[in-house]
Amino acid sequence: MARAATRRNLKRLLSPKSIAVVGGDLAARVIRLTRDFGFAGPIHAVHPTRNELTGVPCVRSIADLPSAPDAVFLGVSREATLASVKELSALGAGGAVCYASGFSEVSDGDRLERDLIASAGDMALIGPNCHGVINGLDGIALWPDEHGIAPTTAGAAIITQSGNIGITLTMQERGLDIAYMLSVGNQAVLKVHDYLDVLADDPRIGAIGLYIEAVEEVGDFAEAVLKCARRRLPIVAIKAGRSEAAVQTALSHTSSLAGSDALVDAFFHRYGIVRVDSLAELVETLKFLSLAGPIDGPRIASLSCSGGDAAMLADLAHPLGLDLAPLPDRTRGRLTDLLGARVAISNPLDYHTYIWGDRERLTACFGAVCEAGYDATMLVHDYPRPDANDVAAWDVTTEAMIAAHRTHGGVGIVVSSLPEAMPAHARRMLNEAGLTAMQGLPECLKAVAASVRLGRAWRRFDCHPPSMPIDSPPLPLDGKPVVATEPAAKALFTAHGIRVPEGRRVAISQASAAAAEIGFPVVVKTAAAVGHKTELGGVALDLEDTVAVHAAAVRMSSLSPEVYVERMLPSPLVELIVGVKSDRQFGPVLVVGEGGIRVELQDDNRFILLPTDPAEIRDALQALRIWPILEGYRGAAGADIDSLVDAISRLATLAIAQRKSIFEIEINPLMVYPAPDGAIAADALVCTSESLNIEEVG
């Protein structure tokens, strides 16, 4: 209930009818910027000694305000901020921007931030340690610094944890209309998911951009993202920390693979958040999704008057999964008639300069490609500098693309190779005509590829909404971690329907007899509860007779008085790693990938948040580089995919059922065979809490 009240107050804060400022020069700047932006409502100023701020009369205290303001800017010290928030909350104010630093981001500020949270009550509070909010839709600038946002009727909202990055983004000259800029700082009261939830209700917003350092309150974040998806509101994010070192290796390969950034990727993939790596990508992707939205598929057509442009586009498009499919025969015939025999007709198309400046023939050329049925048609078009050149001929080309698009429709894109080669007047012409003006060829193509992925994700959500996080926050694990013996781990697997080789746990003196009963060749492993058996000399493979078995068992006697003897499996089609790691933020997370002892070096794996389903597991397998082998490479027999997916699903179910007790589970390798042999767990590692008797569970 408190969260709902705070979000209602956030709406008051973002689109206020009345504003108050508290402070001196910073507050005066907010008044000036807000008035310059066109805000016509009442603005009140609070200062203990000044008579006025930028022409606005001052009252001496918050208690002297004539009414509870919807929005307040607090440009005072941290101690004064805390006192002001208490007064404003009691007064019934909607919310406040807390500009002051010196809270949880510094060593002595934690207590002050806790007091700030308690004092806010139901009031919406942005910050502390932030720049605040600019609302370009309604002319609000609770922001004490310069900015480059112009009034607009629609656009993208951007939420950033960095105030300076927020300022930089407002200064972009790429034609992205910014509806809201939110610098959120420490997020003491309001988290990113609160802003997402409220912004999703504003139909004037076409996309949301994020610059974040962490995903907080995972379950609430996921719910807000899905609300945006239902409203068809794209989210594009920069998540700082790709270079963060992976978590410390514990017992398994799974642990060393499961760095926090890989899990963020898994989270973003599941919920349809587009991840980008630079501010240029962020702006171009937001612009494309705001104006064009997700496109239906990856088939694109490219037009340019340069073979170099055509070749560069083709090279950049291929690794992104964009399909420059051949032009239809009818289109090829029309283009040959228009362009002549000296022009090679292909996709991408270099239409040369024979028709340069000829509006009618350019329009016909572009129209022939626009009507060919591609998911998007792209014109590479670089202007010279307008301040030093006559650009009239370039405008003709732009106007021809507009005319072709007006006649034939579809998704039309005009992109400059370099950002500066698309002047402002050309952007306006194109965007007003319903085409998307993009700046920078690599960023443009990445944006188009991202829009294809987002479209697929939303269509998938319509049929099968993604699973929510199983626990948010994750359940605490009971007790200290204890490594189970492999016999116990495999008994647990068997109890949950995961196939394992036939095996016996026996005293060292009985190892040869057990091997004879199972049948050669066999594997002998120590029965000790250790994580890295191979490194300790606790594994002997492919033993062909009782003498070799006895010798191997004796060598392992220093590790344990017992050994585990099991059938040696034949060489598989593929060895996979399948593991589950309990993450402190995301809860249990599943990894699937190419297995073996060099699993970290191979770097061919995918992470899946739990709970999951067979379709998501299959998608993860298809994303692996070894998928062609699993599918059946060059006519060879493929894997029993249904059995493989079933085995992974069963491991995920086991991990969920025992999530309060299991720290890690790993099968490496999971031996994968063609039908009917399926998938068999050749090795097993289970790390449980000391409170769990794994023998009883099995």
Side-chain angles (χ1 to χ4, degrees), residues 134 136-137 146-160 162 164-183 204-211 234-238 274-295 309 312-313 316 320 376 378-387 391 394-395 397-398 401-402 405 411-451 454:
I134 305 169
L137 301 166
E146 302 307 317
H147 71 83
I149 294 178
T152 185
T153 57
I158 298 176
I159 305 166
T160 171
S162 165
N164 196 61
I165 283 178
I167 294 172
T168 299
L169 287 168
T170 73
M171 303 298 178
Q172 54 83 28
E173 295 184 17
R174 291 171 174 263
L176 173 67
D177 292 324
I178 298 179
Y180 288 95
M181 174 61 70
L182 287 153
S183 163
R204 299 171 295 176
I205 297 173
I208 297 177
L210 305 177
Y211 177 87
I235 298 174
V236 184
I238 294 177
V274 175
R275 188 170 188 181
V276 296
D277 293 315
S278 69
L279 296 184
E281 279 187 65
L282 179 68
V283 171
E284 291 301 310
T285 306
L286 281 174
K287 182 169 61 177
F288 187 82
L289 290 172
S290 294
L291 296 172
I295 63 176
D309 290 342
M312 185 164 55
L313 185 142
L316 291 169
L320 296 172
M378 181 181 303
L379 171 66
V380 183
H381 188 37
D382 292 294
Y383 272 75
R385 284 175 50 182
D387 62 334
V391 299
W394 283 263
D395 284 344
T397 300
T398 300
M401 186 64 178
I402 290 171
H405 179 263
V411 177
I413 304 164
V414 178
V415 56
S416 59
S417 302
L418 294 174
E420 57 270 27
M422 176 69 71
H425 83 276
R427 290 198 305 264
R428 287 193 298 272
M429 290 169 59
L430 291 163
N431 292 345
E432 288 171 3
L435 289 92
T436 306
M438 301 291 286
Q439 293 169 253
L441 193 54
E443 291 83 5
C444 172
L445 291 169
K446 288 179 180 178
V448 173
S451 81
L454 182 60

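Side chains are part of it too, since the values below use all heavy atoms of this structure and drop only hydrogens, waters and symmetry mates.
- Tyr211 has its side chain out of reach of Ile159: every pair of non-hydrogen atoms, C-beta onward, lies at least 4.5 Å apart.
- The minimum heavy-atom distance between Leu320 and Ala449, with the atom names listed, is O-CB, 3.8 Å.
- Met429 places none of its side-chain heavy atoms less than 4.5 Å from the side chain of Leu435.
- Distance check, rounded to the nearest 0.5 Å: CG of Asp177 to OG1 of Thr153 gives 7.5 Å.
- Heavy-atom minimum distance, Leu282 versus Gly209: CD1-CA, 4.2 Å.
- By the side chain to side chain donor-acceptor pair (under 3.5 Å) test, Ser417 pairs with Asp382, sequence neighbours left out.
- Only one option out of Val236, Leu210, Ile235, Leu286 pairs with Val274 in a side chain to side chain contact (heavy atoms under 4.5 Å, CB included); it is Val236.
- Side-chain contact check for Thr398 and His381: at least one donor-acceptor pair (N or O, by modelled atom type) lies under 3.5 Å.
- The side chain to side chain contact (heavy atoms under 4.5 Å, CB included) search around Pro442 returns Leu316, not counting sequence neighbours.
- The closest side-chain heavy-atom distance from Val448 to Phe288 is below 4.5 Å.
- For Arg428, the salt bridge (charged side-chain N to carboxylate O under 4.0 Å, His left out) test picks out no residue, with sequence neighbours left out.
- Under the side chain to side chain contact (heavy atoms under 4.5 Å, CB included) criterion, Leu291 pairs with Lys287, Asn431, Thr436, sequence neighbours left out.
- Among residues at least two apart or in separate chains, there is no salt bridge (charged side-chain N to carboxylate O under 4.0 Å, His left out) pair with a member in residues 164-173.
- No donor-acceptor pair closer than 3.5 Å links the side chain of Arg174 to the backbone N or O of Val283.
- Smallest separation of non-hydrogen atoms from Ile178 and Thr170: CD1-CA, 4.1 Å.
- Legend: residues meeting side chain to side chain donor-acceptor pair (under 3.5 Å) with His405, ordered by chain and number and at least two apart, are absent.
- Note on ring orientation: taking the six-membered ring where Trp is involved, the planes of Trp394 and Tyr383 are tilted (angle from 30° to 60°).
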